[in-house]
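So the structure is just underneath, and the comments pick up after that.
Remember, it's 1-based here, ligands and their atoms both numbered in the order they're listed. Below, each value reflects all heavy atoms present in this structure, side chains not excepted, and no hydrogens, waters or symmetry copies.
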Amino acid sequence: MERGRGDQTALIYDSPVTSVIRKFSYRTLRDLVARCAGGLIREGVRKGDRVVIYMPMIPETVIAMLACARIGAIHSVVFGGFAARELAARIRDAQPRMIISASCGIEITRVIPYKPLLDEAIQLAETGPLRCVIYQRHQLLASLVEGRDISWDQLMDNDQPASCVPCKATDPLYILYTSGTTGVPKGVVRDNGGHLVALKWSMPHIYGMKPGEIFWAASDVGWVVGHSYIVYAPLAYGCTTILYEGKSVGTPDPGAFWRVIAEHGVHVLFTAPTAFRAIKREDPDGMHIKKYDLSKFRMLFLAGERCDPDTLLWAEKRLNVPVVDHWWQTETGWAIGANTAGLGLLPIKPGSCTKPVPGYDVRILDDHGEELPPSQIGNIVIRLPLPPGCLTTLWNNERDFSITYLAEYPGYYLTGDAGFIDNDGYLWIMGRIDDIINTAGHRLSTGAMEEVLASHQDVAECAVTGVADEVKGEIPIGFVVLKTGVIRDPSGIEQELIRLVRERIGPIASFKIAIVVRRLPKTRSGKILRGTMKKIADGTEYRVPATIDDPTILDEIKESLATKGYPKTTR
Ligand code: COA
Ligand code: AMP
């Protein structure tokens, strides 16, 4: 702003679900952030305190995040699609001084009350005294708890805007929880200095942006993409960022993205392949694209999950712009592998995220830690040190940080992904090596879902695996074995299990298929053959493992899956 950007639009809030468009100049945004920061200080928040932000995609979310950053408080944004228990787990771990939330979120036409979830989460978390700030949306007003809650307007009602509080480059800026292999989320800690250096560098070099241009990350501020590319990177680089409260389809139609691009003159869009698969399904010939002037639009970036070549080629053909698949994780905060627009685009190989980005020394190791030759699939690791911007630790959990990422191959960071580097040095990400699945670009732990299923009183054993889904890439499917003596109707239990996962983890888990089976297929040593069940559900070829204790159980699994319409296709 001090370099003359005060009147430039910093943030455009575009909300098809409320029919509102609001623009904020850098000056207005700075003033609101400073006022909010003043309110935080008045309410007792200080440098190093945690502030949990459980909000929908509204400007106040961004203001709250930046206000924390301004005074050195550590924000921890929790995605709105998580249920009370997940929120509680994050509150318990972060021990915030304050929680900022809103009365409701809006999912296309459904109003989702946030306040009951928040109240339940606070009760479950059993933390110390807290101040809650609630942004009241007129679609649904929340009742406030006296002595604990204040409204957003009360927070902002002060004439003492806060100045920036100096921080060390290595002080934590935020904690962002992500799925691990168990039900306990991992709090990725990001620092201040390295983070801004990396993100600012990425804007021109990876995304080919210039200050003053319009960048749109169609994600959610609850995810890392939202942190990095809705909030910090575009604003640090002097771009205009778009905060979009809508979906790629249904708000109101599959032309939603093209409307936003045309209306605001977007230069570069970043989203997840799943958003494009949803558009492709509803508008396969791209008829909606033709209705809009996309002349300013020059590139599309996709990340968050594996991008199938069909989707990439469809987007490229219909939009007539380069489409870049790039690979990263919550832990890294920015791309590990990408086609770097600002350094000169390399030929695109659909299915590959192109090459490692400068700063990342990517290697492929076998299970013994030996480096593999080109084109052989192995564990993808990054040789230490990690570049700026990557996680510095896990909140409250230095031990797990070491065990999860650093202990397996000394001298390397374990990404958790499997893949290979081809003879041209291109990187191919083929899938996870752990129990994490990717549903609609969201990272989910099958282990966490298994913990929920196992808590049902009638369940003796269970296994959750991901199956291929046309739009969401992968969705979870749960197999359960009932306790001896349970004689209830299995379909009733299946419905209860679906409800339970929705209640405990949240709708975002997209857990819609539970199947009661007589037994789970296992090796003789008792390991559940989740991979084989996945292959049966996907209709891909599978070998009966030599170590299976009873091969006939696979036929039973096949029959049970058939009753639910799986496999959808045979491949
Ligand atoms: N608050 C409450 N509920 C939410 C929510 C939120 N913030 N976000 C999603 N949900 C709910 C949805 O309403 C849906 O509920 P339902 O089971 O009752 O229908 C459920 O969680 C699953 O949501 P989602 O997986 O998003 O499916 P969808 O059918 O609503 O939308 C897509 C499908 C493909 C359009 C959508 O997933 C999409 O655009 N994804 C982009 C992914 C993305 O931004 N990834 C971030 C990394 S780049
Ligand atoms: P998240 O931390 O939610 O961003 O999820 C990170 C995980 O998503 C990675 O470890 C990969 O498994 C997967 N992922 C992200 N981007 C890509 C991509 N471009 N190609 C393949 N997998 C991806």
Side-chain angles (χ1 to χ4, degrees), residues 17 54-57 78-83 102 104-114 117 176-180 186 188 217-230 244-251 254 256-257 270-282 301-308 312 324-338 351-354 380 391 414-419 427-434 436-444 469-475 498 501-502 505-512:
V17 297
Y54 182 62
M55 300 271 271
M57 286 284 284
V78 179
F79 177 65
F82 281 122
C104 66
I106 301 163
E107 278 290 296
I108 307 188
T109 52
R110 247 178 334 132
V111 172
I112 318 271
Y114 274 27
L117 297 173
L176 179 58
Y177 288 89
T178 188
S179 300
K186 302 187 290 191
V188 165
S219 176
D220 189 289
V221 278
W223 307 119
V224 68
V225 174
H227 280 62
S228 296
Y229 290 104
I230 297 175
Y244 175 69
E245 192 181 23
K247 304 235 172 195
S248 61
V249 295
T251 55
F257 274 17
F270 174 173
T271 191
T274 187
F276 265 75
R277 286 195 297 268
I279 298 172
K280 185 169 78 157
R281 188 174 61 172
E282 290 196 13
F301 284 82
L302 298 172
E305 56 174 325
R306 189 175 151 68
C307 181
D308 53 293
L312 187 132
V324 168
D325 172 16
H326 61 328
W327 165 61
W328 49 301
Q329 320 181 298
T330 304
E331 288 85 345
T332 63
W334 62 297
I336 313 166
S352 161
C353 66
T354 316
I380 310 181
L391 81 170
L414 183 69
T415 64
D417 283 319
L427 193 51
W428 299 73
I429 314 302
M430 306 310 288
R432 295 285 305 187
I433 56 172
D434 52 21
I436 283 171
I437 61 168
N438 209 305
T439 300
H442 310 313
R443 178 163 152 183
L444 301 169
D469 182 80
E470 194 196 343
V471 172
K472 297 195 177 187
E474 224 176 0
I475 52 165
I498 291 167
V501 175
R502 199 179 170 91
I505 297 181
I508 202 64
S510 293
F511 185 83
K512 307 242 158 119

Check: Y114 and I112 side chains under 4.5 Å, non-hydrogen atoms: yes
Taking the six-membered ring for Trp, are F276 and F257 parallel (under 30°), tilted (30 to 60°) or perpendicular (over 60°)? perpendicular
What's the shortest distance from atom 18 (C) of ligand 2 to any protein heavy atom, and which residue and atom give it? E305 O, 3.2 Å
Do I429 and R306 come within less than 4.5 Å of each other through their side chains, counting heavy atoms only? no
Report the distance from atom NZ of K512 to atom CD1 of I475, rounding to the nearest 0.5 Å. 9.0 Å
Looking only at distances, can you tell me whether any N or O atom of E331, backbone or side chain, sits closer than 3.5 Å to an N or O atom of ligand 2? no
Going through the checks in order, is the side chain to side chain contact (heavy atoms under 4.5 Å, CB included) test met by Y244 and T271? CA-CA 12 Å; Y244 175 69; T271 191; over 6 Å; no
Between K186 and S179 the two heavy atoms that sit nearest each other are CE-O, 4.0 Å
Could you find the nearest protein heavy atom to atom 6 (C) of ligand 2 and give me its residue, atom name and distance? W328 O, 3.5 Å
Look at ligand 2 and say whether G304 reaches it with a heavy atom at a distance under 4.0 Å. yes
Those atoms of ligand 2 less than 4.0 Å from some heavy atom in R306: 20 (N), 21 (C), 22 (N), 23 (C)
Provide, line by line, the atom pairs where ligand 1 and the protein bring an N/O atom each to a distance under 3.5 Å; else say none.
unit_1, atom_1, unit_2, atom_2, d
ligand 1, 1 (N), G80, O, 3.4
ligand 1, 8 (N), E107, OE2, 3.3
ligand 1, 10 (N), E107, OE1, 3.3
ligand 1, 13 (O), E107, OE1, 2.6
ligand 1, 13 (O), R110, NH2, 2.8
ligand 1, 15 (O), R110, NH2, 3.4
ligand 1, 17 (O), R502, NH1, 3.2
ligand 1, 17 (O), K512, NZ, 2.7
ligand 1, 18 (O), R110, NH2, 3.3
ligand 1, 18 (O), R502, NH1, 3.3
ligand 1, 18 (O), R502, NH2, 2.8
ligand 1, 25 (O), K472, NZ, 3.0
ligand 1, 26 (O), K247, NZ, 3.4
ligand 1, 27 (O), K472, NZ, 3.0
ligand 1, 30 (O), K247, NZ, 2.7

Mind checking whether H326 contacts ligand 2 via backbone (N, CA, C, O), side chain (CB onward), both or neither, at a 4.0 Å heavy-atom cut-off? backbone
Point-to-point distance, once rounded to the nearest 0.5 Å, from CG of L444 to CD1 of I505: 7.5 Å
With atoms numbered from 1 as shown, which atoms in ligand 2 lie under 4.0 angstrom from a non-hydrogen atom of D325? 18 (C), 19 (N)
Are Q329 and D417 close enough that some pair of their side-chain heavy atoms sits under 4.5 Å apart? yes
With nothing but distance in play, are any N or O atoms of T415 less than 3.5 Å from an N or O of ligand 2? no
I need the single residue from F301, W223, W328, W334 that forms a ring pair (Phe, Tyr, Trp, His ring centres under 6.0 Å) with Y229. Which is it? W328
Salt-bridge test for K247 and E282: reply yes if a basic N is under 4.0 Å from a carboxylate O, no otherwise. no
For atom 3 (O) of ligand 2, closest protein heavy-atom neighbour: R443 CB, 3.3 Å
Which residue and non-hydrogen atom of the protein lie closest to atom 1 (P) of ligand 2, and at what distance in Å? T330 OG1, 3.4 Å
Is R277 salt-bridged to E305, cutoff N-O under 4.0 Å? yes
Hey, looking at atom 12 (O) of ligand 2, which of I380, N438, D417, I429 has the closest heavy atom? D417
